[in-house]
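Working notes for the structure below.
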There are 2 protein chains.
Amino acid sequence: MNKPVTPKYMVVHGEILKRLKSNHYSVGTRLPSEESLAGTFKVSRVTIRKSLEMLVDAGYLASRQGSGYHVNCLSPQRETCLASFTDAVLRKGRVPGAKLIGIDVPHPDPPEDISDVFDAPVARIHRLRTVDGEPELLVSTWVPTDLVAGLAPDAFPEFGPDQSILRILSDRFNLAWSRACETVHPCAAPNDVAEHLGIAPGTPILSVACTAYDDTDLPVFHDQVFRATPIVFNLSRSARKTDPI
Amino acid sequence: MNKPVTPKYMVVHGEILKRLKSNHYSVGTRLPSEESLAGTFKVSRVTIRKSLEMLVDAGYLASRQGSGYHVNCLSPQRETCLASFTDAVLRKGRVPGAKLIGIDVPHPDPPEDISDVFDAPVARIHRLRTVDGEPELLVSTWVPTDLVAGLAPDAFPEFGPDQSILRILSDRFNLAWSRACETVHPCAAPNDVAEHLGIAPGTPILSVACTAYDDTDLPVFHDQVFRATPIVFNLSRSARKTDPI
DNA sequence: CAAGATGATTAGTAGATACAGATTGATTAT
DNA sequence: ATAATCAATCTGTATCTACTAATCATCTTG
């Protein structure tokens with residue numbers, strides 16, 4: 001029964017983030033000073049600084065010496081496969097959807113690039129992700145079968161915040177990753193993909209492949225996404241904190 | 001003449017990074033302990049920790065409680081337009097090249113998506129970047145003419161480390177950016193692009209557009225890249241330090 | 001010889017303190 | 001009214017201290 005003690009700065013970070021998201025501190029306004037927040041949360045200035053620094057790194061806040069911490073935005077994420085598509089869509093005020101096309105446990109004949117990554121038998125979850133009902137991404141998620149015992153269609157709701165594959169894998173199957181490699185390829189839409197996405201076959205689209213690994217460098221899951229829409233990244237100062245070009 | 005004082009942790013960070021790159025500490029080995037490094041650099045443990053933390057965030061080092069700091073790698077960058085292509089190629093042990101196709105100061109008729117971004121007249125630098133002599137990227141860089149007074153072909157060497165556009169813009173023209181937005185589009189290779197890249201017209205390729213802004217949110221330069229090869233990202237733990245999905 | 005206990009080493013967390021440097025707003029002088 | 005000055009406020013940097021928790025090599029014991 002060794003309870004994992006959450007560090008204070010994590011608790012405070014979570015609390016402030018919750019306040020940001022619930023508009024307790026709204027965009028454009030100034031946060032109370034470090035000193036004041038330290039008093040509020042009953043921690044030292046060092047601790048509150050660590051929490052705030054994390055929020056600055058993540059893009060939520062901006063700090064100016066002599067002025068204070070200002071609320072930047074509430075959606076600082078980059079759009080990669082590992083940033084939750086569900087969350088990204090929700091943040092834009094649109095409605096995300098997930099149509100389950102099929103589940104194969106195990107998949108009888110995984111393509112070579114998949115069997116190259118995983119030694120064990122793998123399951124495939126095949127879904128069409130939508131925005132306001134319009135098809136956006138065609139996603140194949142591959143996971144070793146022994147990591148997702150009891151995988152069934154009911155784990156994949158078509159609507160609501162629980163359709164995020166990352167949340168499903170982490171919450172229901174206790175699956176954690178710590179490192180990932182993502183590649184973006186150009187390709188011509190194959191017939192079946194084009195049909196799902198509602199575009200003409202042969203149209204240039206993006207194929208995004210992503211493999212995630214755990215602490216021991218074992219592959220945990222592989223995501224393969226087809227999308228006709230561009231990927232957008234917002235790079236900030238913090239992205240080049242070290243090794244400036 | 002107020003000299004900008006560099007904080008100690010920055011100085012130490014730079015020094016350690018230099019040692020890493022010069023193989024003073026080689027990949028796989030362990031760094032001296034925090035205590036020891038603090039002694040070496042004549043700073044407190046808190047300060048040395050800040051420097052090391054930056055290197056961990058950047059991906060150079062990994063820290064394990066009770067064990068120490070281990071040298072991870074020497075090339076932790078993500079491959080975006082804002083990560084220097086020159087550096088990325090050099091790190092792989094290949095030879096980067098840059099063939100200058102043309103410079104227009106100012107460009108007589110910039111396309112709409114460019115004039116939408118910049119109010120002022122803009123210059124265009126048009127280059128073909130190569131790896132081991134093979135064409136890799138077709139790049140158009142757009143910059144307001146008043147930011148690059150005296151722009152001439154001799155600023156763009158075909159070989160060597162000084163072909164990086166980012167280095168050229170920052171070193172020779174004192175041009176600094178602090179924020180950028182990058183988008184990755186799929187497209188079919190237009191005839192002229194295909195010819196430069198040595199591929200068939202109509203082949204699906206990537207079009208990467210990137211606009212960089214300075215502190216005051218004024219656009220500083222715009223990069224437009226065509227590439228037939230995939231983009232690779234390496235994501236690490238630190239990329240989801242906050243707001244885990 | 002092998003398994004387990006032990007102690008030294010090392011990073012992680014947390015606090016108090018001090019001063020420097022930037023910003024802001026109020027006060028004062030012109 | 002406007003400008004200059006000053007003081008209060010707030011973040012940035014830096015040090016010292018103390019304790020916790022994970023790791024690793026060594027020693028002990030069965």
Side-chain angles (χ1 to χ4, degrees), chain A residues 1-16 25 28-72 178 215-216 236-238 241-242, chain B residues 1-16 25 28-72 178 215-216 236-238 241-242:
Chain A
M1 267 308 256
N2 62 47
K3 55 170 181 182
V5 178
T6 317
K8 288 193 186 179
Y9 68 84
M10 282 296 273
V11 176
V12 173
H13 164 268
E15 180 57 33
I16 297 179
Y25 309 125
T29 62
R30 253 182 48 186
L31 253 63
S33 72
E34 294 180 347
E35 203 85 46
S36 157
L37 286 169
T40 306
F41 293 107
K42 302 275 198 328
V43 295
S44 73
R45 204 185 135 208
V46 181
T47 304
I48 202 79
R49 266 183 74 80
K50 177 131 186 169
S51 305
L52 292 171
E53 199 178 291
M54 291 171 71
L55 292 164
V56 170
D57 282 350
Y60 291 101
L61 303 177
S63 72
R64 285 212 322 273
Q65 186 177 163
S67 173
Y69 288 83
H70 302 254
V71 182
N72 246 350
S178 66
D215 290 333
T216 62
S236 69
R237 214 173 344 272
S238 65
K241 218 174 3 182
T242 58
Chain B
M1 269 302 258
N2 61 48
K3 53 170 183 178
V5 178
T6 317
K8 288 193 185 181
Y9 68 84
M10 282 297 273
V11 176
V12 174
H13 164 269
E15 180 58 32
I16 297 178
Y25 308 125
T29 62
R30 249 184 51 189
L31 253 64
S33 72
E34 293 181 348
E35 201 86 45
S36 157
L37 285 169
T40 305
F41 292 108
K42 301 278 198 325
V43 295
S44 73
R45 202 186 133 208
V46 181
T47 303
I48 202 79
R49 266 184 73 81
K50 178 134 185 168
S51 305
L52 291 172
E53 197 179 294
M54 291 170 72
L55 292 165
V56 170
D57 281 350
Y60 291 101
L61 302 178
S63 72
R64 287 214 319 275
Q65 187 177 163
S67 173
Y69 288 83
H70 300 255
V71 181
N72 248 348
S178 66
D215 291 332
T216 62
S236 68
R237 212 173 346 272
S238 65
K241 216 171 9 177
T242 59

- Minimum-distance nucleotide to A/Glu34 side chain [options: C/dT10, C/dG15, D/dG12]: D/dG12

- Query: Is the backbone N or O of B/Tyr9 less than 3.5 Å from a side-chain atom of B/Ser51, with the two atoms forming a donor-acceptor pair by type?
  - Reply: yes

- Query: Looking at side-chain heavy atoms only, is the closest gap between A/Val56 and A/Tyr69 below 4.5 Å?
  - Reply: yes

- Task: Could you tell me whether B/Arg49 contacts a base, only the sugar-phosphate backbone, or nothing, with contacts defined as non-hydrogen atoms closer than 4.0 Å?
- Result: base

- Task: Nearest-nucleotide wise, let me know which of A/Arg30 and A/Pro7 is further upstream toward the 5' end of DNA chain C.
- Result: A/Pro7

- So NZ of B/Lys50 and NE2 of B/His13: to nearest 0.5 Å the spacing works out to 11.5 Å

- Query: OP1 or OP2 of C/dT23 sitting under 4.0 Å from any side-chain N/O of A/Ser67?
  - Reply: no

- How close or far is atom P of C/dG12 from atom CE of A/Met10, stated in whole angstroms? 14 Å

- Task: Nearest-nucleotide wise, let me know which of A/Val46 and A/Gly66 is further upstream toward the 5' end of DNA chain C.
- Result: A/Val46

- Presence of B/Lys50 side-chain N/O under 4.0 Å of D/dG12 phosphate oxygens OP1/OP2: no

- Task: Mind calculating the distance between CD (A/Glu53) and P (C/dT13) to the nearest angstrom?
- Result: 13 Å

- Among B/Val71, B/Leu52, B/Leu55, B/Ile16, side chain to side chain contact (heavy atoms under 4.5 Å, CB included) partner for B/Tyr60: B/Leu55

- Task: Decide yes or no, distance alone: a donor-acceptor N/O pair under 3.5 angstrom between the base of C/dG12 and the side-chain of B/Arg45.
- Result: yes

- Query: What is the distance from CD1 of A/Ile48 to C1' of C/dA16, rounded to the nearest Å?
  - Reply: 16 Å

- Rounded to the nearest angstrom, tell me the gap between atom CG in A/Leu52 and atom P in D/dC10. 14 Å

- Query: CD of A/Glu35 to CG of A/Leu37: how many Å apart, nearest 0.5 Å?
  - Reply: 10.0 Å

- Could you give the CD-to-P distance, from A/Glu35 to C/dG15, as a whole number of Å? 13 Å

- For A/Lys8 and D/dA18, give me the distance from atom NZ to atom C1', rounded to whole Å. 13 Å

- Item | Nucleotide nearest A/Tyr69 (side chain, heavy atoms from C-beta), chosen from D/dC24, D/dT11, D/dT15 | D/dT11

- B/Leu31 has an atom CG; how far is it from atom P of C/dT9, in whole Å? 19 Å

- Roughly, in whole Å, what's the span from CD in A/Gln65 to C1' in D/dT11? 5 Å

- Side chain of A/Tyr9: nearest nucleotide among D/dT13, C/dT24, C/dA14? C/dA14

- Message: Taking 4.0 Å as the cut-off, does a side-chain nitrogen or oxygen of B/Thr47 come that near to OP1 or OP2 on D/dT15?
- Response: yes

